[in-house]
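I have placed the structure first, in the form of structure tokens, so that the comments after it can refer back to it.
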Amino acid sequence: KARSYLNSLKNASPIEAVVEYVVSASRVKVYVPSKNLVLILVLRGIRTPSKREGKGMEKNDVLVNPELSKAALEYVRERVHQRTVTIDINDVDRGDNFMGHLFTENGKNITASLLEEGLARIVGRYTRSDEKYGKQYGNAEDNAKNSKQGIWLNYVEPTPEETEEA
């Protein structure tokens with residue numbers, strides 16, 4: 001069902017919407033008044049901390065962190081819950097959730113903010129040059145790594161030997 005709306009939403013992007021509920025740090029339920037539509041928007045290209053190991057995570061994954069999971073959720077709630085935002089929709093996932101980008105009332109990109117605060121990381125398949133926000137996201141993640149924020153607090157850059165082994 002979501003796929004039938006995709007082209008009209010992509011063509012209309014950016015779209016003004018109201019965040020009804022923040023499901024998680026990377027997933028929000030929004031109401032789009034211009035289309036009289038309620039949808040789930042997944043922030044594209046990132047993974048946020050989780051309370052426990054999940055699909056695609058290893059036991060010592062930097063994203064398995066209940067405290068940071070809660071902090072990331074609160075970070076997003078404080079900025080967008082029950083507020084007017086702008087969304088830029090790119091695609092639909094297998095669960096019929098819209099994938100895209102979310103901007104606060106003052107135009108701040110929530111995905112970039114989460115990356116900069118160390119409350120998210122760019123997912124493996126998502127390359128920094130793929131999309132119009134890729135470079136911005138890459139720089140934000142690098143800044144968080146360099147300043148050892150959030151999930152990057154105890155992160156150690158792999159040595160060239162470790163990288164070759166993988």
Side-chain angles (χ1 to χ4, degrees), residues 1-66 68-77 79-104 108-138 140-141 144 150-152 166:
K1 184 178 176 182
R3 215 163 270 291
S4 63
Y5 290 101
L6 181 60
N7 282 335
S8 70
L9 291 171
K10 272 174 92 170
N11 293 337
S13 285
I15 304 165
E16 193 170 281
V18 177
V19 175
E20 288 190 350
Y21 185 70
V22 178
V23 179
S24 73
S26 60
R27 186 178 302 257
V28 294
K29 181 179 177 182
V30 297
Y31 170 64
V32 181
S34 63
K35 305 280 184 187
N36 196 26
L37 183 67
V38 175
L39 57 91
I40 297 290
L41 177 72
V42 178
L43 298 182
R44 181 156 189 186
I46 62 167
R47 289 215 46 193
T48 55
S50 174
K51 294 177 185 168
R52 59 188 179 285
E53 291 129 42
K55 186 177 179 184
M57 291 186 184
E58 298 169 16
K59 191 162 184 85
N60 295 324
D61 194 315
V62 293
L63 289 177
V64 180
N65 189 321
L68 285 178
S69 173
K70 186 176 180 181
L73 177 62
E74 287 305 313
Y75 185 87
V76 174
R77 274 194 183 142
R79 284 155 182 77
V80 300
H81 190 246
Q82 297 293 315
R83 296 203 178 133
T84 301
V85 296
T86 304
I87 59 175
D88 184 3
I89 293 177
N90 305 109
D91 208 353
V92 174
D93 68 10
R94 285 178 275 172
D96 271 351
N97 300 301
F98 290 91
M99 295 168 39
H101 309 278
L102 177 68
F103 301 87
T104 62
K108 193 157 174 93
N109 185 326
I110 285 292
T111 303
S113 298
L114 285 167
L115 288 165
E116 206 160 85
E117 295 293 324
L119 297 173
R121 76 166 182 207
I122 297 174
V123 292
R125 293 184 311 209
Y126 184 80
T127 59
R128 295 166 184 234
S129 59
D130 257 1
E131 225 177 286
K132 57 184 167 184
Y133 304 110
K135 189 172 184 171
Q136 178 187 10
Y137 293 171
E141 184 180 75
I151 60 175
W152 308 112

Heavy-atom pair of closest approach, residues [X] and [Y]:
X: A72; Y: P49; result: CB-CD, 4.2 Å
X: V38; Y: Y31; result: CG2-CD1, 3.8 Å
X: A25; Y: L114; result: O-CD1, 3.6 Å
X: T84; Y: E16; result: CG2-CG, 3.5 Å
X: S26; Y: I46; result: CB-CD1, 4.5 Å
X: H101; Y: L41; result: O-CD2, 4.0 Å

Between [Y] and [X], is there a side-chain heavy-atom distance shorter than 4.5 Å?
X: N65; Y: I151; result: no
X: F98; Y: N90; result: no
X: R27; Y: V42; result: yes
X: T111; Y: R44; result: no
X: V28; Y: I87; result: no
X: L119; Y: T48; result: no
X: D91; Y: R3; result: yes

For the atom pair [atom1] ([X]) and [atom2] ([Y]), what is the distance rounded to the nearest 0.5 Å?
X: R79; Y: E74; atom1: CZ; atom2: CD; result: 10.5 Å
X: D88; Y: K10; atom1: CG; atom2: NZ; result: 10.0 Å
X: K35; Y: Y5; atom1: NZ; atom2: OH; result: 10.0 Å
X: L115; Y: W152; atom1: CG; atom2: CH2; result: 9.0 Å
X: I15; Y: I89; atom1: CD1; atom2: CD1; result: 4.5 Å

CA sep, side-chain torsions, deciding dist, call: L39, L9, side chain to side chain contact (heavy atoms under 4.5 Å, CB included): CA-CA 11 Å; L39 57 91; L9 291 171; 4.0 Å; yes

Do the side chain of [X] and the main chain of [Y] share a donor and acceptor less than 3.5 angstrom apart?
X: Q136; Y: A112; result: no
X: Q82; Y: E20; result: yes
X: N97; Y: D93; result: no

Do the rings of H81 and Y21 sit parallel, tilted or perpendicular, given the 30° and 60° boundaries?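 Because their plane-to-plane angle is over 60°, the rings of H81 and Y21 count as perpendicular.
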
On the 0 to 90° scale, with breaks at 30° and 60°, tag the Y137-Y133 ring pair as parallel, tilted or perpendicular.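 The arrangement is parallel - the two ring planes meet at less than 30°.
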
